[in-house]
Colleague: 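Pasting a structure below so you can have a look.
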Protein chains: 2
Amino acid sequence: MKLTSRGRYAVTAMLDLAFHSKNGPVSLSAISERQNISLSYLEQLFAKLRRTKLVASVRGPGGGYTLNKEPQLLSVGEIIEAVNENIDATKCHGKSDCQGGERCLTHSLWQNLSDRISDFLNQISLQELMQKRDVKEVVGRQSCFKTASKDGSIDVLQMLVTKENL
Amino acid sequence: MKLTSRGRYAVTAMLDLAFHSKNGPVSLSAISERQNISLSYLEQLFAKLRRTKLVASVRGPGGGYTLNKEPQLLSVGEIIEAVNENIDATKCHGKSDCQGGERCLTHSLWQNLSDRISDFLNQISLQELMQKRDVKEVVGRQSCFKTASKDGSIDVLQMLVTKENL
DNA sequence: TCAATACCCGACTATTTTAGTGGGTTAAAT
DNA sequence: ATTTAACCCACTAAAATAGTCGGGTATTGA
């Protein structure tokens, strides 16, 4: 399970989608404007989300994307995995080439951890995130309005992302 | 909270350290050999781990590194954070520049998720990982011995890491 | 019909991060 | 003294990330 800004973009976009899909499909350009993510980049992400059946698309004017599952059935974990295209071949679980029990042990230990992270993220649904309405209070606390500092990067705790116009 | 192979290297090395620090400090070259991580790269990681006081160093012959905390007090989360050097300035929590409640809302929602991931990783100790002795069974299952496939990359579930000689 | 919308797709680029090298300095033990 | 190993740069190659460009194709509403 990899966790980078790519995944954050995907989750952010899916949240936006969830919030706005009440009346018909949502266009990427709308998400692009609201969340300030480049349109073409969104297209790339949504191509993957579509391939993994997390979203469905409607072409033509008035078209856009819709969630392909109920928000409560859509886990954050699968969104992140979807956009991270992990072609894990020749990995250690199954059979591989790490010699000696020593090294393999640490690998197993790490894998154990990785499994737990995956499980954790798979148990958090979009719905659950959306219902976090204590967020409103957070919004209130933050001076989140017109502090226009140009290249200011918004970020999430310790997730390192430099120079993002977000 | 970023989660990449860098963090895996760090946790792996710290696990190795924990397992071998019974009798004195452990040298990086020993870890390098056992875990097959380049020495110089380990040096970079341990420089950070030392700055954040997670390990202590002893110079000279017979020197090396020791854990600076008991394994049960050392969380996986802090190890990963330590090597990821997040200089998060101008972020949204506190005050920032995202205009309008719309965008800020999604940010807050994501932050909420990020916090939960952090909390989760901070609750997992090295000790706890080390005690996962069902791992032995895993080691048994895996044909983890001399399947020398040259550039074979070991990996952890969906954590994408290409061409690692690990 | 036809033009606007918006998905679709691939190649291409810049920046950043990752991982690893090399060369040297300092400290301590034999 | 010599060796060992931490320490500390600066530099590099490769990869991933984020974004651009330019062309499609399908759908719809005027």
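Proteins come first, then strands; the chains are lettered A, B, ... in the order of their sequence lines, and each starts at number 1.
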Colleague: Taking only N and O in the side chain of A:R8, is any of them less than 4.0 Å away from OP1 or OP2 of D:dT17?
Modeller: no
Colleague: So if I take every side-chain heavy atom of A:S38 and compare against C:dC9, D:dA6, D:dG19, which nucleotide ends up nearest?
Modeller: D:dG19
Colleague: Which of these nucleotides, D:dT28, D:dT17, D:dT3, is closest to any side-chain atom of A:P61?
Modeller: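 That would be D:dT28.
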Colleague: So A:S40, base contact, sugar-phosphate only, or nothing? Heavy-atom distance under 4.0 Å.
Modeller: base
Colleague: Base of C:dC7, side chain of A:E43 - is there a donor-acceptor contact under 3.5 Å?
Modeller: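 Looking at the base of C:dC7, it does not pair with any donor or acceptor on the side chain of A:E43 (distance under 3.5 Å).
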Colleague: Quick check on DNA chain D: between B:S29 and A:V58, whose nearest nucleotide comes earlier from the 5' end?
Modeller: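 The 5'-side residue here is B:S29.
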Colleague: Across the strands shown, which category fits B:L39 at heavy-atom distances under 4.0 angstrom: base, sugar-phosphate, nothing?
Modeller: nothing
Colleague: Please tell me if A:K2 has a side-chain N or O lying less than 4.0 Å from either OP1 or OP2 of D:dT17.
Modeller: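 Yes, such a contact exists.
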Colleague: When rounded to the nearest 0.5 angstrom, what is the spacing between CG in B:L74 and CE in B:M130?
Modeller: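 Atom-to-atom, B:L74:CG and B:M130:CE are 10.5 Å apart.
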Colleague: Taking CG from B:L45 and P from D:dC8, how many angstroms apart are they, rounded to a whole number?
Modeller: 15 Å
Colleague: According to a strict under-4.0 Å criterion, is A:R50 in side-chain N/O contact with OP1 or OP2 of C:dC8?
Modeller: yes
Colleague: Rounded off to whole Å, could you give me the OH-to-P distance for the A:Y9 and C:dT16 pair?
Modeller: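 Answer to the nearest Å: 12 Å.
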Colleague: Find the distance B:Q35:CD to C:dG20:P and express it as a whole number of Å.
Modeller: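 That distance rounds to 14 Å.
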Colleague: Strictly by modelled atom types, are B:S40 and B:S38 linked by a side-chain donor-acceptor pair under 3.5 Å?
Modeller: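 Their side chains do not contain a donor-acceptor pair, so the 3.5 Å distance test is not met.
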Colleague: Using whole Å, what does the distance between atom C1' of nucleotide C:dA6 and atom CD of A:E33 come to?
Modeller: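 From A:E33 CD to C:dA6 C1': 14 Å.
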Colleague: How are the rings of B:Y65 and B:F46 set relative to one another: parallel (under 30°), tilted (30 to 60°) or perpendicular (over 60°)?
Modeller: tilted
Colleague: Considering residues, nucleotides and ligands other than B:E33, do more than 12 of their heavy atoms fall under 6.0 Å from its CD?
Modeller: no
Colleague: Is there a donor and acceptor pair, one atom on the side chain of B:R6 and one on the base of C:dT17, closer than 3.5 Å?
Modeller: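 No pair found.
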Colleague: For a quick check of understanding: with a heavy-atom distance under 4.0 Å over all strands, which category does A:Y65 fall into, base, sugar-phosphate or nothing?
Modeller: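 Result for A:Y65 = sugar-phosphate.
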Colleague: Has the side chain of A:Q44 got a donor or acceptor atom sitting under 3.5 Å from an opposite partner on the base of D:dT20?
Modeller: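 For A:Q44, whose side chain was compared with the base of D:dT20, there is a donor-acceptor pair (under 3.5 Å).
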Colleague: Report the distance from atom NZ of B:K48 to atom C1' of D:dA6, rounded to the nearest whole Å.
Modeller: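 Rounded to whole Å, this separation is 18 Å.
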Colleague: With no hydrogens and no angle check, is any side-chain donor or acceptor of B:D16 less than 3.5 Å from a backbone partner on B:I31?
Modeller: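 Here the side-chain-to-backbone pair does not exist.
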Colleague: Between D:dA15 atom C1' and A:N84 atom CG, what is the distance in whole Å?
Modeller: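 Taking CG of A:N84 and C1' of D:dA15, I get 14 Å after rounding.
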Colleague: Are the side chain of A:S21 and the backbone of A:L17 linked by a donor-acceptor contact shorter than 3.5 Å?
Modeller: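 Present.
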Colleague: Take the protein atom OH of B:Y41 and the nucleotide atom P of D:dA14, then report the distance between them rounded to whole Å.
Modeller: 17 Å
Colleague: Does the side chain of B:R59 get closer than 4.0 angstrom to OP1 or OP2 of D:dT3 through an N or O atom?
Modeller: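 Answer no for this pair, as no side-chain N or O of B:R59 is under 4.0 Å from OP1 or OP2.
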Colleague: Identify which nucleotide among D:dC7, D:dT25, D:dG19 has an atom closest to any side-chain atom of B:S57, counting heavy atoms from C-beta outward.
Modeller: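 The closest nucleotide is D:dC7.
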Colleague: Taking atom C1' of C:dC9 as reference, at what distance in whole Å does atom CZ of A:F46 sit?
Modeller: 17 Å
Colleague: Does a side-chain N or O from A:S27 land closer than 4.0 Å to OP1 or OP2 of C:dT5, or not?
Modeller: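 No, A:S27 has no side-chain N/O under 4.0 Å of OP1/OP2 on C:dT5.
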